[in-house]
Number of protein chains: 2
Amino acid sequence: MALVGLVNYLDWRCRPAKNAWRVRSHQIASGQVMGGSGRVTLNDVAAASGVSRATVSFVLNDDPRQTISAATRERVRQAARELGYVPHGIARALREGASRVVVLNIDWGLEGNYSHSFIRGLDDELAAHDHVLLVHHGHHSPRSTRQVLDAITPRAVIRFAEPYLTGHDLDDRGGGWKDGLAAHAALQIRHLAERGHTCVALALPDTETPLADVRLRFAARTAEHLGLAAPVPFVVPRPRTAGARAIEELRTAHPDVTAVAAFNDDVALRTLTAAHDLGLTVPGDLAVIGYDDTEYGALITPALTTVHIDAEAHGRLAARAALGLDTTGLEPVPARVIVRDSV
Amino acid sequence: MALVGLVNYLDWRCRPAKNAWRVRSHQIASGQVMGGSGRVTLNDVAAASGVSRATVSFVLNDDPRQTISAATRERVRQAARELGYVPHGIARALREGASRVVVLNIDWGLEGNYSHSFIRGLDDELAAHDHVLLVHHGHHSPRSTRQVLDAITPRAVIRFAEPYLTGHDLDDRGGGWKDGLAAHAALQIRHLAERGHTCVALALPDTETPLADVRLRFAARTAEHLGLAAPVPFVVPRPRTAGARAIEELRTAHPDVTAVAAFNDDVALRTLTAAHDLGLTVPGDLAVIGYDDTEYGALITPALTTVHIDAEAHGRLAARAALGLDTTGLEPVPARVIVRDSV
DNA sequence: AGACGCAACTAAATCGATCTAGCGGCGAAG
DNA sequence: CTTCGCCGCTAGATCGATTTAGTTGCGTCT
């Protein structure tokens, strides 16, 4: 009896599909199963308040193109409240052409402070506009996106694979030098420069990501602007020993590098560990600055100095963009350097 | 021009709702906007193959209760293929009473190896049965679940807040001593016992979780079974300094404690850091074992010994349960201790 | 008195797939 | 020569909300 009780994972389960022959079920799962019969529909509300379905719809949606008497309006509202009417999203979606759902595509390995606050902001703002956020984890082929699209026709699909933008768009539209990717990359490099470092390396993850190129470009532009040497890109691979080897190679190939700016906190942590394993002192022999302020940076010794980005506003903005709303008047909290012990 | 280009987050955007007056949009977002007009429907396929809509549905769904001639069947399939017909999930959901979507509720702070492999298994198995997994992040009130329910009427909602089960169910159904929570908790304690520890503490997170009680109960039962003292529960709070204080208090209150079993790797990491800050040697003065093998355990020094659980099978099982399918014949990979340096 | 406009509604089409009830034709049994 | 049954297929109802195209009744203007 493997994994007894797993069935109870279920928080809620819809009545089985009518065409149950398709999924020949041998066992009915437990959980709170809700029969479809209980649903209160527009028809019920219409009947209860003695008007037509159309009128009910007009009232409940506050349709400005219709004139409904105050008395009727009140009667309908009352009935809806008493019956506990809730519009059926699926039916509405069929009619409107899209469900009130926004899907966020997140690739693996992008968790962190940024994604959390981004999701929070996105979720909040969508909720404020009567929409729901659902996240699709995995690696995202056009095919997998199509499946989601076909399954629920969401109002929009937002991709998080490249948290800000692809480099191309960025260049076209100002690069986000104010409060986007470019600004944050610059912040990181600038902090190193302020601490007197003149030759820095950029530590990249071993997984392929289009964002790496963009980051490198922005770092390079910032370095140039500050009069530093061009940043040296290098990869910090995953097994602990391989990471150490990478750092060793970097230091022999580029002896003048005194600081490392990491693509994210994960890579920074690996760099810190590698430095420790090589017997290097941090920040004496090598300074390290992270990016995105995960919890773990505070726990390692020496504690990681990093860039903290509050993406709540980014999330809200993304939500409004997805809904086709006005996106002005939403000032993001500026990113800041969390100074700890590694720089 | 704040956050220029954020609009390009959009991977796909549905045509705006017809009732656009509701969300008065000042600006149309860019992105790949797909007009609803392009959709190929059952009607199109029916017309193309010269049969009725019903017949097409029967053929494409392989309805065993209908007899359709091989010739017709082929003609319909051909037409569907040529036109690129894809069933409209929303329409289907309206008819069937539920969409082919399963929602997974995940509370914050539960990321890790377990949740990743769980999601992977769940996603895979659902995909194999023509369903889509979507994740809802946040703290989950019944209200928020209702909103999701009303928005897309998913086939099922699975809650991950308590990754295995609530304690009550667990006790009722054998406790998961074979390959569930109880077994994994036991594995952790047993490892400490094997290394000669006779009095252990259980490090808990500062956030409220019903799972903590269950874990404690299982740990206690295992300890008793192995002839150890009853495990001492204590909380490791979040700011680094507070964590150190907690460990200090633990050691003065219970000087005989020589090892800590952590609720998860996060708590284990905090414990390790606290020990370091107090000048304790690990595992000499205090041994620490984690739970769930996140990447960070390998990066800290001393590297964290932990319990690795491959939840793929758990995910697959949850998927089948959600779909009301047979759940037999799916043997999980047994959990194992990853021995590193902290025990 | 007739025309016109407006407020306040309603009937019915619509979105796209599923599924029930039933129809015509053909072969076999009586 | 019926009659029954089955194969192969179709018309139309259905799911629940939105929205268009009216309709009714009343007041006003000429």
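Here is how names work: the chains are called A, B, and so on, in the same order as the sequence lines, proteins then strands, and each is numbered from 1. Treat the numbers as computed from the prediction; the structure is a model and nothing was measured.
- Of the candidates C:dG16, C:dT20, D:dA13, D:dA13 carries the atom nearest the B:R53 side chain, counting heavy atoms from C-beta on.
- Nearest nucleotide to the B:Q66 side chain, out of D:dA17, C:dT20, C:dT10: C:dT20.
- Taking for each of B:A91 and B:R75 the nucleotide of DNA chain D with the nearest heavy atom, the 5'-most of the two is the partner of B:R75.
- Phosphate contact (OP1/OP2 of C:dC9, side-chain N/O of A:T55, threshold under 4.0 Å): absent.
- At whole-Å resolution of the value, CD1 in B:I68 and C1' in C:dC19 are 13 Å apart.
- Rounding to whole angstrom units, CG of residue A:D44 and C1' of D:dC15 are separated by 13 Å.
- A straight line from CG of A:L60 to P of D:dT19 spans 13 Å, rounded to a whole angstrom.
- When distances are taken from the side chain of B:A54 to each of C:dC9, D:dG12, C:dA12, the shortest belongs to D:dG12.
- Closest contact between the side chain of B:T41 and the listed nucleotides D:dA11, D:dA17, C:dA17 involves C:dA17.
- If you measure from atom CD of B:E96 to atom P of C:dC19, you get 6 Å, rounded to the nearest angstrom.
- When all heavy atoms of A:R155 and A:A322 are compared, the pair lying nearest together is CG-O, 4.4 Å.
- Taking only side-chain atoms of B:S52, from C-beta outward, the nucleotide of D:dT19, D:dT10, C:dA12 with the closest atom is D:dT10.
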Decide side chain to side chain donor-acceptor pair (under 3.5 Å) for B:N43 and B:T41; before the verdict, give the C-alpha distance in whole Å, the side-chain angles of both, and the deciding distance to 0.1 Å.
-> CA-CA 5 Å; B:N43 267 322; B:T41 74; 4.6 Å; no
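- In this structure, B:L42 reaches the bases: a heavy-atom distance under 4.0 Å links it to at least one base atom across the strands shown.
- Protein atom CZ of A:R73 is 13 Å distant from nucleotide atom C1' of C:dC9, rounded to whole Å.
- Using a 4.0 Å heavy-atom distance criterion, B:V51 is classed as a sugar-phosphate-only contact.
- Counting non-hydrogen atoms under 4.0 angstrom, B:T67 reaches a base of the nucleic acid.
- Within 6.0 Å of atom CZ in B:R81, more than 12 heavy atoms from other residues, nucleotides or ligands are found, so the atom counts as buried in its surroundings.
- Between A:Y85 and the phosphate of D:dG16, there is no side-chain N or O to OP1/OP2 separation shorter than 4.0 Å.
- Regarding B:R65, its CZ atom lies at a distance of 17 Å from the P atom of D:dG8, rounded to whole Å.
- A:D63 places its CG atom 11 Å from the C1' atom of D:dT20, with the value rounded to the nearest Å.
- When rounded to the nearest whole Å, the span between CG of B:L94 and P of D:dA13 equals 17 Å.
- Between A:D62 and A:R77 there is a salt bridge, with a side-chain nitrogen of the basic residue lying less than 4.0 Å from a carboxylate oxygen of the acidic one.
- Residues A:I119 and A:I106 have side chains in contact (heavy-atom distance under 4.5 Å, counting atoms from C-beta outward).
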